[in-house]
Amino acid sequence: AYSDQPMTLLNLLLPRVYGGNPATYSPGDLQSTENWGYCGVITLALAAPALLFRRNKMLTFFGILLVLSLLIMLGDLTIVGAWIYGFLPGFSSLRSTGRALFLFGFALAGLVAFGLDGLLALLRSHNVSNRHAVRWWLAGVSAVVAVAAFFVMPLFFSQTLQLNGSLTSRLPQAINDLGMLMLWLGLLAGVGWAAWCGRINVSVAGALGVGLLVLDIFSPNSLFNPPTDNRLSGFQQFPPRTGTSNSPPENTPNIPYRA
């Protein structure tokens, strides 16, 4: 039960395309709680070098875990999910397959750690082939930003003008998410090119990359659980008056009473 639907996997790249929080989540028949996840575009950009440039047994583990957890998230939508449910001990007692998102995030975190460490090592190296590898990675990140800016974004704008109905209401938010994707990847590419050209120190570039990763992941999640009522209402008290009730007098500002 509660397996992730393929359409909801778009949230891994565009976090608010279906809504910014559970109260505004558009596909009402699909969950937006523990099955909702945004992995971050900086995360994907830093995880790629781990699979491209490094050779390590732990990388094999994280890579297999990443693919396996994604298949578990899809649940009964794939035959692999049915095999796991039917033959692996213990899995038949687990209900919500979408919660394998935690394993997916753990695998990505491991790949990011190896990827960033590998990039910094290649940037510090004086080997020409190593620096060419970093340049190809930077060119790939820059190419993604260019494709999003000059092809995908105009397509979204044209579809917004042409379509009607519920899909149209999601497109403006998709455009906002795509704009943030270009912003984060553009900043990451700028930091990388500056380090590759020797304009900034490699250690500083690594710290800036981690900072961009944190900002990228935390930005869409910061308002994910908005309160629907005043959480301080039960703590607002007013001083009692002689012969009157403890209720605030008329036209009294709503200021909490401090003894």
Side-chain angles (χ1 to χ4, degrees), residues 9-15 37-71 103-156 177-220:
L9 295 180
L10 187 60
N11 280 138
L12 294 175
L13 286 177
L14 304 177
Y38 169 60
C39 62
V41 293
I42 300 289
T43 304
L44 296 179
L46 293 178
L51 300 175
L52 294 175
F53 305 144
R54 299 290 297 269
R55 297 294 183 267
N56 189 293
K57 291 183 179 180
M58 287 301 297
L59 286 179
T60 304
F61 166 74
F62 284 124
I64 294 175
L65 180 61
L66 186 73
V67 176
L68 187 62
S69 59
L70 181 62
L71 292 174
L103 297 177
F104 185 83
F106 175 72
L108 270 180
L111 291 176
V112 167
F114 278 100
L116 181 59
D117 183 67
L119 279 176
L120 297 180
L122 292 176
L123 283 171
R124 291 189 179 99
S125 174
H126 297 289
N127 188 292
V128 176
S129 60
N130 289 342
R131 293 187 62 81
H132 280 333
V134 177
R135 185 177 64 178
W136 279 111
W137 174 79
L138 289 170
V141 175
S142 303
V144 171
V145 177
V147 170
F150 296 107
F151 294 97
V152 182
M153 185 68 83
L155 178 63
F156 279 13
D177 285 348
L178 187 63
M180 295 305 298
L181 180 149
M182 292 187 296
L183 173 65
W184 298 128
L185 287 183
L187 291 174
L188 180 66
V191 171
W193 283 116
W196 189 82
C197 296
R199 301 292 180 85
I200 61 175
N201 185 272
V202 175
S203 298
V204 174
L208 291 175
V210 173
L212 289 174
L213 175 68
V214 172
L215 290 175
D216 178 20
I217 292 178
F218 277 80
S219 293

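Heavy atoms only: backbone and side chains are in, while hydrogens, waters and symmetry mates are out.
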> Which atom pair, heavy atoms only, marks the closest approach of Val134 to Leu123?
Replying inline: CG1-CD2, 3.6 Å
>> Under the rule for side-chain hydrogen bond (donor to acceptor under 3.5 Å, both in side chains), what residues qualify as partners of Trp193, not counting sequence neighbours?
In response: Ser142
> At what distance, to the nearest 0.5 angstrom, does CG of Leu187 lie from CE of Met182?
Replying inline: 12.0 Å
> How would you list all residue pairs meeting ring-ring contact (aromatic ring centres under 6.0 Å, His included) that involve residues 107-143, not counting sequence neighbours?
Replying inline: none
> What residues form a side-chain hydrogen bond (donor to acceptor under 3.5 Å, both in side chains) with Arg199, not counting sequence neighbours?
Replying inline: none
> Do you know which two heavy atoms are closest between Cys39 and Leu108, and how far apart they sit?
Replying inline: CB-CD1, 3.5 Å
> Shortest non-hydrogen contact from Leu111 to Gly63?
Replying inline: CD2-N, 4.4 Å
>> Among residues at least two apart in sequence or on other chains, which ones pass ring pair (Phe, Tyr, Trp, His ring centres under 6.0 Å) with Phe106?
In response: Phe62
> How many angstroms lie between atom CG of Leu13 and atom CG of Leu44, to the nearest 0.5 angstrom?
Replying inline: 6.0 Å
> Which pair of non-hydrogen atoms, one from Leu59 and one from Ala50, has the smallest distance, and what is that distance?
Replying inline: CD1-O, 3.2 Å
Ignoring hydrogens and angles, write down the donor-acceptor pairs under 3.5 Å from the side chains of residues 208-217, residues two or more places apart or on other chains.
{"unit_1": "Asp216", "atom_1": "OD1", "unit_2": "Tyr38", "atom_2": "OH", "d": "2.6"}
{"unit_1": "Asp216", "atom_1": "OD1", "unit_2": "Trp184", "atom_2": "NE1", "d": "3.4"}
{"unit_1": "Asp216", "atom_1": "OD2", "unit_2": "Val41", "atom_2": "N", "d": "2.9"}
{"unit_1": "Asp216", "atom_1": "OD2", "unit_2": "Ile42", "atom_2": "N", "d": "3.0"}

> If you round to the nearest 0.5 Å, how far is CG of Leu68 from CG of Leu103?
Replying inline: 8.0 Å
>> Could you work out, with side-chain hydrogen bond (donor to acceptor under 3.5 Å, both in side chains) as the rule, every residue matching Thr60, not counting sequence neighbours?
In response: none
>> Within this structure, what is the CG-CG distance for the pair Leu178 and Leu155, rounded to the nearest 0.5 Å?
In response: 10.0 Å
> What is the distance from atom OG of Ser125 to atom CG of Asn130, rounded to the nearest 0.5 Å?
Replying inline: 4.0 Å
> Does Asp117 have any side chain to side chain contact (heavy atoms under 4.5 Å, CB included) partners at least two apart in sequence or in another chain, and if so, which?
Replying inline: Arg54
>> So, using side chain to side chain contact (heavy atoms under 4.5 Å, CB included) as the criterion, who are the partners of Val67 when residues are at least two apart?
In response: Leu71
> Where is the tightest heavy-atom contact between Pro154 and Ala149, given as atom of each residue plus distance?
Replying inline: CD-O, 3.4 Å
>> Suppose the criterion is salt bridge (charged side-chain N to carboxylate O under 4.0 Å, His left out): which pairs have a residue in residues 124-152, not counting sequence neighbours?
In response: none
> Taking only residues two or more places apart in sequence or in another chain, which ones pass side-chain hydrogen bond (donor to acceptor under 3.5 Å, both in side chains) with Thr43?
Replying inline: none
